[in-house]
Amino acid sequence: MPELPEVETVRRHLLPQLANRRIEKARFLDQRALPFMPKEDAADVLSGRTILDIQRVGKYLLFRLDEQMLMVIHLRMTGRLYVLTRRTPPDARYSAWIQFDHGTGLCFQDTRRFGTIYIGDRQQLMNIPGLANLGPDPTNDDWTGQCLLRQIQKRRAPIKSLLLNQTIVAGIGNIYADESLFCAGIHPLRMGMELTAKECDQLARCIKNILHDAIAFEGTTFRDFRLGYDQSGSFQERLQVYGRTGESCRQCSGPITKLKIAGRSSHYCSVCQPK
DNA sequence: GAGAGCCTGGCG
DNA sequence: CGCCAGGCTCTC
């Protein structure tokens, strides 16, 4: 479900509600959410811990706990995290449930059950595939078109697949890859090695602007992404190409085309993004 | 570098 | 019924 802007939105939403809250008890209802730890152990480790801070790295949420412990959550496609302020009994629909003092609860709900939770110290969490070799965060000031150029200039793969590769740059997913390529006027099938330094600069600027705006509008809500129980983001109203197959381009009124690249649907304007 | 696989639900 | 879905991992 969520890409960088949605994960950042969730982080900003959870932090003020959960900071300095002490975990009374945790219940994991679905072992699949905890690939590296028996669920009973996870509940034991979390019990009594306090949430000190919530950080984001790429699409991962890092809950910093006392005693040097961390809980890392990846929502994948359909994961949702929300706070319930009344004491509600755990429900079979939840993959995990964390009960705090004062009756607050955090629940993790995940229809497709791809989402994952990892618990451990910093050392242990570096074994998580994906976290260990995660690329730079594009919202960081020191990430520039030059960094992008360096990563892709020898790659014979479509730029669309390279943007989805989390070791090259972290946090971009299918929506924002398509939107960024449209903004930069780059066809999604252009090979990484074909892109000039100037195009990389342009693309990096577009990525930064789009992610920034998407965060300001609290992300894109299509189906599963929700802030809390029922609030939505509103960036979907500003999408230029994603999900607009057959509609007309807002720049040139040409048709928006859909193409399968690396197994993912890619939306682009063949006029604004020539091959 | 491409494709299957992991899952469930909604839509045509 | 088949196809599609804001992700990622593993295998060939």
Side-chain angles (χ1 to χ4, degrees), chain A residues 1-11 29-36 56-61 72-81 92-95 108-118 127-135 138 151-152 154-182 188-194 207 210-211 213-215 217-227 232-246 258-267:
Chain A
M1 157 228 2
E3 307 181 31
L4 187 153
E6 291 76 32
V7 177
E8 177 61 19
T9 299
V10 170
R11 187 191 74 81
L29 300 131
D30 189 345
Q31 181 63 61
R32 286 174 290 185
L34 279 164
F36 293 149
R56 179 191 57 76
V57 194
K59 298 173 197 171
Y60 293 86
L61 280 172
V72 177
I73 300 186
H74 197 307
L75 303 170
R76 310 282 162 169
M77 297 284 261
T78 54
R80 287 171 56 183
L81 277 175
R93 292 169 313 173
Y94 303 151
S95 292
F108 178 50
Q109 201 177 348
D110 183 13
T111 311
R112 291 176 70 182
R113 303 186 185 268
F114 291 165
T116 40
I117 302 177
Y118 311 93
N127 295 324
I128 299 171
L131 246 194
N133 40 21
L134 196 65
Q151 291 295 313
I152 69 171
K154 298 211 163 104
R155 305 288 297 263
R156 178 178 224 90
I159 183 62
K160 170 65 187 282
S161 333
L162 296 171
L163 289 181
L164 294 177
N165 181 334
Q166 303 297 300
T167 67
I168 292 175
V169 52
I172 301 173
N174 210 28
I175 294 180
Y176 299 106
D178 284 0
E179 294 298 310
S180 301
L181 288 169
F182 172 80
L189 280 176
R190 295 271 309 283
M191 293 293 143
M193 57 193 296
E194 293 169 13
I207 289 169
I210 286 169
L211 294 178
D213 291 351
I215 291 170
F217 287 98
E218 302 187 305
T220 300
T221 299
F222 268 170
R223 36 193 148 247
D224 303 289
F225 174 63
R226 286 285 182 284
L227 247 187
S232 338
S234 60
F235 196 71
Q236 63 278 8
E237 294 154 28
R238 286 165 180 80
L239 295 177
Q240 305 293 308
V241 288
Y242 186 89
R244 299 193 64 240
T245 313
K258 184 156 87 167
L259 198 64
K260 205 71 138 177
I261 303 174
R264 313 296 300 280
S265 54
S266 303
H267 314 73

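Order of the sequence lines sets the chain letters (A, B, ...), proteins ahead of strands, with each chain counted from 1. Owing to the predicted nature of the structure, the values given are computational and were not obtained by experimental measurement.
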For [X] against [Y], the heavy-atom pair lying closest together:
X	Y	answer
A:A170	A:L134	CB-CG, 3.7 Å
A:Y118	A:I128	CG-CD1, 3.3 Å
A:A157	A:L162	O-CD1, 3.6 Å
A:D178	A:V241	O-CG2, 3.6 Å
A:I207	A:L163	CD1-CD2, 3.9 Å
A:I210	A:E179	CD1-O, 3.3 Å

Inter-nucleotide P distance (B:dC7, C:dT11), Å rounded = 16 Å
If I take atom [atom1] in residue [X] and atom [atom2] in nucleotide [N], what distance separates them, rounded to the nearest angstrom?
X	N	atom1	atom2	result
A:F36	C:dC8	CZ	P	15 Å
A:L164	C:dA5	CG	P	13 Å
A:R76	C:dC10	CZ	P	10 Å
A:I172	C:dG7	CD1	P	11 Å
A:K154	B:dG1	NZ	P	13 Å
A:L162	B:dG1	CG	P	7 Å
A:L259	C:dC4	CG	C1'	16 Å
A:I168	C:dG7	CD1	C1'	16 Å

task = Measure from the side chain of A:S265, starting at C-beta and using heavy atoms only, and say which of C:dT9, C:dA5, B:dA2 lies closest.
result = C:dA5
note = Among the nucleotides C:dG7, B:dG1, C:dT9, whichever has the atom closest to the side chain of A:R264 is C:dG7
request  = Sugar-phosphate means primed atoms, P, OP1 and OP2; the rest is base. With that split, encode nucleotides 5-12 of chain B 5' to 3' as B, S or - using protein heavy atoms under 4.0 Å.
outcome  = -BBBS---
Distance check: side-chain N/O of [X] vs OP1/OP2 of [N], anything under 4.0 Å?
X	N	value
A:H74	C:dC8	yes
A:Q166	C:dC8	yes
A:K260	C:dA5	yes

query = CG/A:L181 to NE2/A:H267 distance, rounded to the nearest 0.5 angstrom?
reply = 12.5 Å
key: Stem segments of DNA chain B by first residue number [Watson-Crick or G-U, under 3.5 Å, at least 3]   = B:1-6 with C:7-12, B:8-12 with C:1-5
request  = Check step by step if side chain to side chain contact (heavy atoms under 4.5 Å, CB included) holds for A:N174 and A:K160.
outcome  = CA-CA 9 Å; A:N174 210 28; A:K160 170 65 187 282; 2.6 Å; yes
query = Base, sugar-phosphate, or nothing: which does A:G263 touch, judged by heavy atoms less than 4.0 Å apart?
reply = nothing
Given A:V7, A:T116, A:I73, A:L131, the one that forms side-chain contact (heavy atoms from CB on, under 4.5 Å) with A:Y60 = A:L131
query = Is it true that A:D30 and A:R113 have a side-chain N and a carboxylate O under 4.0 angstrom from each other?
reply = yes
